[in-house]
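Below, chains carry the letters A, B, ... as their sequence lines are ordered, and counting in each starts from 1.
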Protein chains: 2
Amino acid sequence: MPPTPSTTGEVGPATVVPGDAPGDGDGKPTRERILDIALELFTEQGYDKTSLREIAERLGFSKAAVYYHFASKDDILLALHYRLHGLTEDSLLELVGSASDPQVWADVLSRFLDKMMANRQLFVLHERNRAALETLHREGHPERHQDMADAFRSVLANPAIPVRDRVRLSCALGAVMSGLVSADTFAEVPTDEYVDLLRQVVDDLLVGA
Amino acid sequence: MPPTPSTTGEVGPATVVPGDAPGDGDGKPTRERILDIALELFTEQGYDKTSLREIAERLGFSKAAVYYHFASKDDILLALHYRLHGLTEDSLLELVGSASDPQVWADVLSRFLDKMMANRQLFVLHERNRAALETLHREGHPERHQDMADAFRSVLANPAIPVRDRVRLSCALGAVMSGLVSADTFAEVPTDEYVDLLRQVVDDLLVGA
DNA sequence: GTCTATAACCAGATAGAC
DNA sequence: GTCTATCTGGTTATAGAC
């Protein structure tokens with residue numbers, strides 16, 4: 001049986017202690033290396049058009065070896081989804097869930113933006129494979145793991161909050177996501193400056209006007 | 001050989017003259033009925049997770065019959081993509097291409113919003129199947145069919161335009177798309193009112209502030 | 001214009017050797 | 001921890017009858 005039979009929440013590079021496990025080229029454990037390649041291929045070609053054989057080939061071993069680390073292809077996608085979960089601090093989450101004030105939403109989004117930008121590829125993965133990820137969410141995905149997207153979704157569906165505010169929140173989320181996805185187009189702009197531009201957009205939509 | 005061997009730009013319900021071709025339940029030609037079902041299933045379950053067998057079953061005939069109307073599964077997706085193309089008037093397109101003024105972009109988007117809202121599902125399809133559609137765009141898709149998305153994309157990539165303006169345009173597009181996708185959440189709001197809220201968002205991002 | 005039958009293929013997944 | 005070999009099932013696509 002594999003060392004981690006059920007899917008575990010992976011938190012990303014920060015968790016990896018250098019020289020922590022066998023691995024190959026780097027000190028990174030194989031499981032992480034698989035996830036890194038998968039993230040790259042899934043974002044580039046799409047989840048469904050990427051085969052396990054392809055992932056394995058890139059790493060220099062065979063398809064079946066991947067099955068030692070993950071129970072299924074879905075399991076890989078799920079693990080990447082959990083990387084996103086891992087980015088969220090609980091304190092921010094509670095803030096969103098409790099308050100119904102656009103100013104608070106804007107603050108949370110603003111504070112979260114740097115982390116989003118630093119882990120941009122993870123968001124692009126989600127943006128480009130919505131269909132596959134939502135299928136995953138419907139079945140499986142047992143524990144009601146709360147993440148940022150879930151928190152905001154529940155706000156959007158809350159009828160006690162004025163429609164105008166909710167619509168503008170929805171737009172602000174879309175605007176930020178769009179900003180992340182097309183960040184490559186603005187590669188010549190320094191990251192800090194770029195993030196500030198996005199922050200301003202969030203502000204204009206949620207508190208300004 | 002099929003009546004329309006290569007993919008033709010389908011324009012939607014407006015093109016269908018009542019009693020125009022055999023069809024079945026309605027006066028709609030079979031080709032259109034296939035596209036309607038495909039649109040529904042592709043948006044719901046995703047392009048890759050929908051099989052031709054499933055589409056055929058819904059229509060009451062067999063998988064192979066679908067191949068009479070379309071050369072491949074990709075061809076169906078492409079035809080739906082062309083429905084989107086069909087929504088765009090050339091006059092609006094030129095407007096976007098020529099001007100580099102945020103005010104103009106806002107006007108175009110505003111004028112286009114009603115049509116976008118009326119054909120919402122088409123946009124949701126594109127939003128939820130970006131990966132599949134971009135693969136399609138890379139290969140095939142011969143004639144440089146210009147659509148709204150292409151026009152705006154070329155603006156975003158134009159270095160002659162101030163970065164701030166371009167970033168805000170990118171955000172505005174994302175905001176509108178997000179608004180379209182989550183329109184169901186706000187089903188209780190009258191459409192006109194909802195579209196006005198979105199128009200305001202576009203305005204705040206592109207001309208206000 | 002639609003259907004039956006079937007070909008050809010490749011994916012995800014398993015068993016068990018090393 | 002990785003490999004070879006194999007199973008199983010579903011997918012796109014074709015040929016040809018009605």
| Ile55(B) CD1 to dA13(D) P, straight-line distance once rounded to whole Å | 12 Å

| side-chain hydrogen bond (donor to acceptor under 3.5 Å, both in side chains) between Glu54(A) and Gln45(A), intermediate numbers included | CA-CA 11 Å; Glu54(A) 213 171 345; Gln45(A) 322 175 326; 3.0 Å; yes

| field | Rounded distance (Å) that lies between atom C1' of dT2(D) and atom CD1 of Ile34(A) | value | 11 Å

| request: Please report, rounded to the nearest Å, how far the P atom of dG10(D) is from the NZ atom of Lys73(B). | output: 15 Å

| remark: Picking from dA13(C), dC3(C), dC3(D), the nucleotide nearest the side-chain atoms of Ser72(A) would be dA13(C)

| remark: Which of dT2(C), dC3(D), dA13(D) is nearest the side chain of His69(B)? It is dT2(C)

| said: Looking at dT2(D), I'd like to know if its phosphate oxygens (OP1 or OP2) sit under 4.0 Å from a side-chain N or O belonging to Thr30(A). | reply: yes

| How close or far is atom P of dG12(C) from atom CG of Asp75(A), stated in whole angstroms? | 14 Å

| task | Quickly work out the Tyr67(B) OH to dA17(D) P distance and round it to whole Å. | result | 21 Å

| request: Just jot down the ring-ring contact (aromatic ring centres under 6.0 Å, His included) partners of Phe186(A), sequence neighbours excluded, or say none. | output: Tyr194(A)

| Centre of Tyr47(A)'s six-membered ring, under 6.0 Å away, within 45 degrees of the axis: is that where NZ or CZ of Lys73(A) sits? | yes

| Does Tyr68(A) make a side-chain N or O approach to OP1 or OP2 of dT2(D) shorter than 4.0 Å? | no

| message | So, OP1 or OP2 of dT11(D): does either fall under 4.0 Å of a side-chain N or O from Arg53(B)? | response | yes

| Once you round it to whole Å, what is the distance between P of dG10(D) and NZ of Lys49(B)? | 15 Å

| message | Quick check on DNA chain C: between Lys63(B) and Gly60(B), whose nearest nucleotide comes earlier from the 5' end? | response | Gly60(B)

| Separation of atom CD1 in Ile76(B) from atom P in dT12(D), rounded to whole Å | 9 Å

| field | Sugar-phosphate only, base, or nothing, as touched by Ser51(B) at under 4.0 Å among non-hydrogen atoms | value | sugar-phosphate

| field | Side-chain donor/acceptor of Ser178(B) to backbone N/O of Ser170(A), under 3.5 Å | value | yes

| remark: Glu54(A) CD to dC10(C) P, in whole Å, measures 13 Å

| request: Given ring-ring contact (aromatic ring centres under 6.0 Å, His included), test His85(B) with Tyr82(B) step by step and report yes or no. | output: CA-CA 5 Å; His85(B) 279 210; Tyr82(B) 280 138; 5.4 Å; yes

